[in-house]
Amino acid sequence: MNLDFKADSAWVLSVQRKLYQWSKANPKEAYRELWNWITDIRNLRYAWNRVSSNKGKHTPGIDGETVGSIIRDIGIKTFLENLRMELRSSLYQPSPCRRKFIPKPGKPGKFRPLGIPTIKDRIVQSAIKQVFEPILEARFEHISYGFRPGRGCHGALEHIRMAMRPRKVNKEDGMRREMPYQWAIEGDIHGCFDSIDHHMLMERVRMHSADRKMNQLLVRFLKAGILSEEIFRRTDAGTPQGGICSPLLANIALGIIEERYERWVNHKYKRQERRSCDGIKAAMWSRSIDRQAGRTVFFPIRYADDFIILVSGSREVAERERLALETILKEKMGLTLSPEKTKITALIEGFQFLGHRVRMCWDERYGWTPRIEIPKEKIADLKYRVKQLTGRSTTQWSFTKLLQKLNPILRGWANFYHYCTGAKKILSNLDWYVRDRIWRWLRKKFPKANAHKILQYRQFSQIKPKWKVWQTDRVEQYQMCWLKVMRYQRGWMIPAIFTLIPGEPDA
């Protein structure tokens, strides 16, 4: 058997490109022949390579098997051949997920349920996703960012900022005095992954896939159940959070949000033959025309089950729309909006989305300007984590270990927030705070040492020789302010490779 990953990758890519181009050309049709590609040994081998290279390869499902135990006891070749025979003979039956509760970051006492499928189920789900995802990627809207290849939260935030930016300039003073949107509906779906109605979800899946065997297999995955604390529980609703196909299915279900606002998002089905522009540009014209005519405009941007709907109109209109959207989600998908997190906010007051604060700010040079800022709560959270690591309880650590604990936290936090407005000053202040905490930690660790001896740990940096930083022979304190602060560009998002057609400039 040929286990050459490059050969399997090239074959899978050719199939994905074919499906993507077909779906792009036939957006209203459902593809009928997917099963042979799903059960092809090359697709299963490629899925095995993806699962076996994942960090969760050592985490077993309810059968106790890991990637290592399968290689040791069965062998890759025999395992995949047996799996393919089970699929082709319709004998394959998904196993229940092993449920594990993980703490929610920043929310003490609250936990998120995580479903852990078996290795066999992960491979089958990955094989389905590899074939089904290109069809959906050609049809998902450009305002959807969660769990999609090449897209992330920074792209969603930049899209919001660009949508909020005023275009009309006052002729007298050159200031931007009119905001295109005045309100934002902050949407959060309560228990999204646990509440999606299976029947309604499969109705939407069948709009894209008419392959009966694949659809039946997806239903079996949805109905497989959960094993929690040795107790089996049926899954009459929801998709197991942690399954490979779950984010894909959730995006299919939540596509009803974009469909409701088709006029202002993308004219997929309202295109007029006389127009030469694409649907996205036609929708942009619709937004502009409606605003000029004094009509209400709604523009959504969604990241998984969190979404923002920008509203041009009054607060009463926004409130009615929130109630209407809540009704639609309940009737069409069995979902409910979280009462605590779903609210209507004035853009000049600002709202929080994906860990950032977004608001309209008056700038004396330009007028109304949208800003993406670092929330004060996130700064306080980072300081608390640093303080916990530099407390008296950790003085038994070596200085090298302390820096090895601190640096990943500082590096991750800085890389996440360095696209924000005013990030340079905040990162510099936090660097000073970390330096001060390290100084206090060293004074506790070496109570008899004088200041001169402790300051020997401050040496010229190997990265910037003119700067002195806390360091040991092997590691030095990560300086967040050295990271370049810039505005995120949506052009940096790297699309999935199957969307690039060979011979075109971007391919």
Side-chain angles (χ1 to χ4, degrees), residues 27-28 30 97 112-113 115 125 128-129 132-133 135-137 139-148 156 185-210 214-226 233-266 268-269 298-309 318-343 353:
K28 297 182 182 180
C97 290
R112 176 181 287 109
Q125 288 191 39
I128 293 173
K129 182 182 177 183
F132 197 26
E133 187 176 48
I135 298 174
L136 298 172
E137 275 298 309
R139 303 179 182 188
F140 285 154
E141 297 292 353
H142 64 291
I143 59 169
S144 170
Y145 285 87
F147 303 120
R148 293 184 60 189
I185 303 174
E186 303 175 57
D188 182 87
I189 298 173
H190 179 70
C192 176
F193 282 89
D194 298 326
S195 307
I196 296 175
D197 185 275
H198 289 170
H199 175 72
M200 297 174 181
L201 171 62
M202 290 309 301
E203 286 293 320
R204 293 185 62 82
V205 168
R206 293 185 188 99
M207 294 166 58
H208 310 286
S209 165
M214 193 200 81
N215 295 343
Q216 288 176 347
L217 183 56
L218 284 175
V219 172
R220 289 202 293 269
F221 272 117
L222 293 173
K223 300 293 185 182
I226 293 171
R233 298 180 181 178
R234 294 178 57 186
T235 48
D236 297 321
T239 61
Q241 191 168 354
I244 294 175
C245 282
S246 294
L248 201 64
L249 296 175
N251 273 333
I252 295 172
L254 296 174
I256 59 175
I257 296 175
E258 290 92 316
E259 290 171 7
R260 175 170 174 79
Y261 307 106
E262 180 188 350
R263 172 175 173 78
W264 304 293
V265 172
N266 185 1
K268 277 188 174 181
Y269 308 113
F298 300 105
F299 187 71
I301 293 171
R302 182 174 64 84
Y303 187 92
D305 59 337
D306 295 329
F307 59 89
I308 291 293
I309 301 176
E319 183 63 36
R320 287 198 299 270
E321 181 59 25
R322 185 190 69 82
L323 296 173
L325 184 60
E326 187 173 15
T327 303
I328 288 173
L329 287 171
K330 184 67 177 177
E331 292 177 351
K332 292 189 175 182
M333 260 315 128
L335 299 172
T336 56
L337 294 175
S338 173
E340 301 84 11
K341 298 180 181 179
T342 303
K343 48 191 175 181
F353 186 61

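Quantities reported herein were computed from a predicted structural model and do not represent experimental measurements.
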Please assess Arg320 against Leu323 for the test side-chain contact (heavy atoms from CB on, under 4.5 Å), listing each intermediate value before the final yes or no. CA-CA 5 Å; Arg320 287 198 299 270; Leu323 296 173; 5.7 Å; no
Chi angles and distances behind the side-chain hydrogen bond (donor to acceptor under 3.5 Å, both in side chains) call for Glu321, Tyr261: CA-CA 11 Å; Glu321 181 59 25; Tyr261 307 106; 2.5 Å; yes
Test log, rule side-chain contact (heavy atoms from CB on, under 4.5 Å), inputs Thr239 and Leu201: CA-CA 10 Å; Thr239 61; Leu201 171 62; 4.0 Å; yes
Determine, stepwise, if the pair Leu325 / Phe307 fulfils side-chain contact (heavy atoms from CB on, under 4.5 Å). CA-CA 12 Å; Leu325 184 60; Phe307 59 89; 3.6 Å; yes
Ser209 and Phe132: CA distance, side-chain angles, deciding distance, side-chain contact (heavy atoms from CB on, under 4.5 Å) verdict: CA-CA 8 Å; Ser209 165; Phe132 197 26; 3.8 Å; yes
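Between Phe193 and Phe147, the ring planes are perpendicular. Angles over 60° get that label, and only those under 30° would be called parallel.
Listed here is the closest heavy atom pair of Pro300 and Ile143: O-CD1, 3.1 Å. Nearest heavy-atom pair, Ala156 versus Ile301, reported as atom, atom and distance to 0.1 Å: O-CG2, 4.0 Å. Here the shortest heavy-atom pairing between Ile244 and Gln125 reads N-OE1, 3.0 Å. Residues Arg260 and Ala324 share a closest heavy-atom pair of NH2-CB, 3.6 Å. For Ser144 against Glu258, the heavy-atom pair with the smallest separation is CB-OE2, 3.4 Å. When every heavy atom of Ile185 is checked against every heavy atom of Ala318, the shortest pair comes out as CD1-O, 3.5 Å.
With rounding to the nearest 0.5 Å, the separation of SG in Cys245 from CD1 in Ile252 is 9.0 Å. Ile328 CD1 to Ile257 CD1: the interatomic distance, rounded to the nearest 0.5 Å, is 10.0 Å. The distance from the CG atom of Asp188 to the NZ atom of Lys343 is 10.5 Å, given to the nearest 0.5 Å. Separating the CG atom in Leu248 from the CD atom in Glu133 is a distance of 6.0 Å, to the nearest 0.5 Å. The CG atom of Asn266 sits 13.5 Å away from the CZ atom of Arg139 when rounded to the nearest 0.5 Å. To the nearest 0.5 Å, the span separating CE on Met200 from CG on Leu335 amounts to 9.0 Å.
Contact annotation: the side chain of Phe299 never approaches that of Ile308 to less than 4.5 Å [non-hydrogen atoms, C-beta and beyond]. Here the side chains of Arg204 and Met333 are in contact, with some heavy-atom distance below 4.5 Å. Looking at heavy atoms from C-beta onward, Asn251 lies out of side-chain contact with Leu136 at the 4.5 angstrom threshold.
Taking a 6.0 Å sphere around NE2 of His142, one finds it holds more than 12 heavy atoms contributed by other residues, nucleotides or ligands.
No donor-acceptor pair under 3.5 Å is formed between the side chain of Asp306 and the backbone N or O of Phe353.
Salt bridge absent: Glu259 and Lys332 never bring a charged side-chain N and a carboxylate O closer than 4.0 Å. Using a cutoff of 4.0 Å between basic side-chain nitrogens and carboxylate oxygens, Lys330 and Glu326 are not scored as salt-bridged. A salt bridge between Glu186 and Lys341 is absent, with no side-chain N of the basic residue lying under 4.0 Å from a carboxylate O of the acidic one.
Looking at Ile196, Thr336, Leu254 one by one, the single match for side-chain contact (heavy atoms from CB on, under 4.5 Å) with Ile189 turns out to be Leu254.
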